[in-house]
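Okay, so here's the structure we're looking at.
We name chains A, B, ... by the order of the sequence lines, and we start the count at 1 in each one. Values below: all heavy atoms of this structure, side chains included; hydrogens, waters and symmetry mates excluded. Note that the coordinates shown come from a computational prediction; the quantities given were computed from them, not determined experimentally.
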There are 2 protein chains.
Amino acid sequence: MNYNEAKMKFVSTWGSLGTLWGINKAMAQIQALLFISTKPLSMEDIMEELKISRGNTSMNLRQLMDWGIVTKEIIPGERKEYFTTEKDVQELARVIAKERSRREIQPVIKVLKEVSSIQDDGTEKTRELIKQTKALHDLTQTADDMINKLVTQKQNWITKSVLKLIK
Amino acid sequence: MNYNEAKMKFVSTWGSLGTLWGINKAMAQIQALLFISTKPLSMEDIMEELKISRGNTSMNLRQLMDWGIVTKEIIPGERKEYFTTEKDVQELARVIAKERSRREIQPVIKVLKEVSSIQDDGTEKTRELIKQTKALHDLTQTADDMINKLVTQKQNWITKSVLKLIK
DNA sequence: TTAAACTTTCAATAATTATTGAAAGTTTAT
DNA sequence: ATAAACTTTCAATAATTATTGAAAGTTTAA
């Protein structure tokens, strides 16, 4: 496998994985491309490499900037805008986890809290609803806390020591 | 909020959350419905409650059984098949995490390993590709290990003690 | 063995989501 | 103030994914 094959394989795999971390294919591919680039890329560069339209590139770059994982670079003397992504995987993971928690997990926790707090009328079905949604609430809350805690740590040693502990 | 409102709210919220754990809306809604039901439900019951077609119900129940979170119950004297879901949230989380790891994370780890193992030809771009995909490989592998380890624990105490440790 | 009761399959269709491309908008140089 | 260089917006279209419903398949009872 040569450089170009490897690059294409990485970009497309990372792209199709997008759904796993809650972003779309083009967005994930753009991020992947920037992630392995040795220098900032222009919209033109990205369009060309990924064979996607200008509009698509523009919209997805905007979204990546909203997520806080891509930033504009102004290159003196150049009219075009250039883009780079966060290069530290730990930091990248931190930002993604934080955003997903905020956008998706928090709203669900809120609903679970509401639903599990309805008046217990003593019927079996109400009891079951309360019991099960409460259990789900606790689990979701705990998982969310853990993700946030783990991911907030800047150093890697803690992750390693946790792994060792629970092995 | 009365029982029916709460039930609907839970089912539809859990349904739209489906994407987060990698299953589709109908699948997630069926699971949600079973999760708060006090007794096994028939296909008829599910179709009626969720207003979805027979075919859709059948296919999604099958998928839930493939995932291992829904099982058929044979009720003596009854011709219809009845279904129940795993009621323990910890066990549910375990099964889901395991399946997602197997279906989605493992293949990505494999590709990252391949890509990061290409011949280093000494050029800057190849070096960057190797370096970055290797970092991603390590991170993904570590995260996957952690999820599996944590989720394998049957007891909750370990989760709590880990949380305490990293607070 | 037949027929009723039920489930599965799958081609057709609908719903959703992503992508394009060109017009409108913005910035910069002269 | 103008025009060239560039970016954004968004209605139209394409691609993908989910859903239906009816025909085919299966199981059970008599």
Does the cation-pi check pass for A:Arg100 over A:Trp67, that is, NZ or CZ under 6.0 Å from the six-membered ring centre and within 45° of its axis? no
Grab the [atom1]-[atom2] distance between [X] and [N] for me, whole Å please.
| X | N | atom1 | atom2 | result |
| --- | --- | --- | --- | --- |
| B:Lys80 | C:dA4 | NZ | P | 18 Å |
| A:Gln63 | C:dA18 | CD | P | 9 Å |
| B:Ile46 | D:dT20 | CD1 | P | 14 Å |
| B:Ile74 | C:dA5 | CD1 | P | 19 Å |
| A:Lys51 | D:dA15 | NZ | P | 17 Å |
| A:Met59 | C:dA22 | CE | C1' | 14 Å |
| B:Arg54 | C:dT9 | CZ | C1' | 14 Å |
| B:Asn60 | D:dT20 | CG | C1' | 12 Å |

Could you tell me whether the phosphate oxygens of D:dT9, OP1 or OP2, come under 4.0 Å of any side-chain nitrogen or oxygen in A:Arg62? yes
Do [X] and [Y] have a side chain donor and acceptor closer than 3.5 Å?
| X | Y | value |
| --- | --- | --- |
| A:Gln31 | A:Thr85 | yes |
| B:Ser42 | B:Asp45 | yes |
| B:Gln106 | B:Ser101 | yes |

Look through every strand shown and name the nucleotide pairing with D:dA22 as Watson-Crick or G-U wobble, where both distances are under 3.5 Å. C:dT9
Per nearest nucleotide of DNA chain D, the residue lying toward the 5' end, B:Asn24 or A:Asn56, is A:Asn56
Upstream residue (5' side of DNA chain D) when A:Lys25 and B:Arg79 are each assigned their closest nucleotide: A:Lys25
C:dT8, D:dT19, C:dT19: which one has an atom nearest the side-chain heavy atoms of A:Ser53? C:dT19
